[in-house]
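Numbers restart at 1 for each chain; the letters A, B, ... are given by sequence-line order, proteins then strands. Because only heavy atoms are used, hydrogens play no part in the values below, and waters and symmetry mates are left out as well, while side chains stay in.
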Number of protein chains: 2
Amino acid sequence: MMTLPGVPQVVIDRLPVYARTLAMLKSKGRQVISSQELGDELGVTPAQIRKDLSYFGRFGKQGRGYNVQRLGTELRRILGLEQEWTMVLVGVGNLGRAILSYRGFAPEGFKIVAAFDMHSEKIGTTVGGMKVHSVKSLPQYLKSSPADIGIIAVSAASAQDVANVLVDHGVKGILNYAPVALRVSEGTRLKNIEPVLALQSMTYYLKGVVP
Amino acid sequence: MMTLPGVPQVVIDRLPVYARTLAMLKSKGRQVISSQELGDELGVTPAQIRKDLSYFGRFGKQGRGYNVQRLGTELRRILGLEQEWTMVLVGVGNLGRAILSYRGFAPEGFKIVAAFDMHSEKIGTTVGGMKVHSVKSLPQYLKSSPADIGIIAVSAASAQDVANVLVDHGVKGILNYAPVALRVSEGTRLKNIEPVLALQSMTYYLKGVVP
DNA sequence: CCGTGTGAACAAATTCACAGCC
DNA sequence: GGCTGTGAATTTGTTCACACGG
């Protein structure tokens, strides 16, 4: 499946949610599901699910619904989840160490292959079975071992510099945990993980609530 | 400032980004900034910034721009960030422990006041200076000490049960780290932190790239 | 002259509603 | 009869462009 230029980003962002839910349903033995039922499960409208899927093809059977296994496989193919993706981690402070020991990436085919830090006291140590290299060796490392994705877990002050190095050396996607708005070139995908921002927009609605 | 009903969620989600950037600019000594310059900093259009702010009032000076300090303070007030918010954490596995030791919440006024787990071997232990209670005592705890926000860091299988308990006992916002789409009642705010989903939508764009 | 604030114009996303097929 | 797939209608969100004030 090619990357269709016309598919909105919001649609792409929902596909992994569908895929994950289908995997869960399959593990429970469910074989067929309608857009209505899947929508109930996820809290979205059935029309949205059908419209989203229609960007990529026709996966359902009229009068019946979708084959859970088949649709799950199709979505994983569309998203490019059939291959393994390599990632480098930059920053092994508190956050970086938690990311290294996080058990959620590997089963989904996302593999951290190297870790880097700028602080001399961390370099050479081993964290979660992974040796920590100097960030100065990152360009050289990426030249000999290109990685698909870079994870940034450094301070806000250093994050843009790290992003520049990653992009300059062929990384095509960045998962940013630093609390700063990074600027990356066109053609580089950037996703931010920001629990604090999530809380800060939530409080707008909470403050009005009478206890 | 009241919670205006007509303000789109997307606008609310951008305000913390503006607030954070203004705080950074202020710490660098910047006193005045135009929507153009702020937009350049963040990668958004100046019109969007002005329109977003216009939902809440008039904060700028024509011909000059915005006072960095003043606009930052206004945004924090609008978002409800002048008060401290209390949070309970449920689940002290790998992820929960990382959340407990995360240093980013407290400086922004988000305080974890208690931690809970369902596994007997964890109950009674101390993690990051915080005693771990049985999740069975969560309802009772919330009755005597209401919390604003619940953080869910349990398995996907248990997350909905935990969310139900939190909502039933007065929690008005949930920050969910479990890889599952939770359903909560109207009037409860839910934000999901899902690095794996972020990666899985990113790969849609990466797979097409020629190396 | 510069940059805000804002209706108006435009674009994007969602939902509707129904023809078509199982 | 039930449910998909999809144009059309509607809603939501973004950008334009300019009157106005400093």
Rounded distance in Å - [atom1] ([X]) to [atom2] ([N]):
{"X": "A:Leu38", "N": "D:dG5", "atom1": "CG", "atom2": "C1'", "answer": "16 Å"}
{"X": "A:Asp40", "N": "D:dC3", "atom1": "CG", "atom2": "P", "answer": "12 Å"}
{"X": "A:Phe56", "N": "D:dT4", "atom1": "CZ", "atom2": "C1'", "answer": "17 Å"}
{"X": "A:Ile49", "N": "D:dC3", "atom1": "CD1", "atom2": "C1'", "answer": "13 Å"}
{"X": "A:Leu53", "N": "D:dG5", "atom1": "CG", "atom2": "C1'", "answer": "10 Å"}
{"X": "B:Leu71", "N": "C:dG5", "atom1": "CG", "atom2": "C1'", "answer": "14 Å"}
{"X": "A:Lys61", "N": "C:dC22", "atom1": "NZ", "atom2": "P", "answer": "9 Å"}

Can [X] and [Y] be counted as having a side-chain donor-acceptor contact under 3.5 angstrom?
{"X": "B:Ser137", "Y": "B:Gln140", "result": "no"}
{"X": "A:Thr45", "Y": "A:Gln48", "result": "no"}
{"X": "A:Asn164", "Y": "A:Gln160", "result": "yes"}

Working to the nearest 0.5 angstrom, can you tell me the gap between [X] [atom1] and [Y] [atom2]?
{"X": "B:Lys191", "Y": "A:Leu197", "atom1": "NZ", "atom2": "CG", "answer": "9.5 Å"}
{"X": "A:Asn176", "Y": "A:Glu194", "atom1": "CG", "atom2": "CD", "answer": "6.5 Å"}
{"X": "A:Leu79", "Y": "A:Tyr18", "atom1": "CG", "atom2": "OH", "answer": "11.5 Å"}

| OP1 or OP2 of D:dG2 under 4.0 Å from side-chain N/O of A:Tyr66 | no

| Any A:Arg64 side-chain N or O less than 4.0 Å from OP1/OP2 of D:dG1 | no

| request: Scan B:Val68, B:Asn67, B:Leu75 and name whichever one has a side chain to side chain contact (heavy atoms under 4.5 Å, CB included) with B:Leu71. | output: B:Leu75

| query | Between the side chain of B:Arg30 and the main-chain N/O of B:Val32, is any donor-acceptor distance below 3.5 Å? | reply | yes

| Short question: side chain of B:Ser145, backbone of B:Leu142 - any donor-acceptor pair under 3.5 Å? | no

| request: Specify the residues of residues 20-36 of chain B, ordered by number, for which at least one heavy atom lies under 4.0 angstrom from an atom of DNA chain C. | output: B:Ser34, B:Ser35

Using the 3.5 Å cut-off, write out each protein N or O paired with an N or O of nucleotides 12-16 of chain C and the distance between them.
residue: C:dT14; atom: OP1; partner: A:Arg14; partner atom: NH1; Å: 3.1
residue: C:dT14; atom: OP2; partner: A:Arg14; partner atom: NH1; Å: 3.3
residue: C:dT14; atom: OP2; partner: A:Arg14; partner atom: NH2; Å: 2.8
residue: C:dT14; atom: O5'; partner: A:Gln48; partner atom: NE2; Å: 3.3
residue: C:dT15; atom: OP2; partner: A:Thr45; partner atom: OG1; Å: 3.0

| query | Do the side chain of B:Gln62 and the base of C:dC2 come within less than 3.5 angstrom through a donor-acceptor pair of N or O atoms? | reply | no

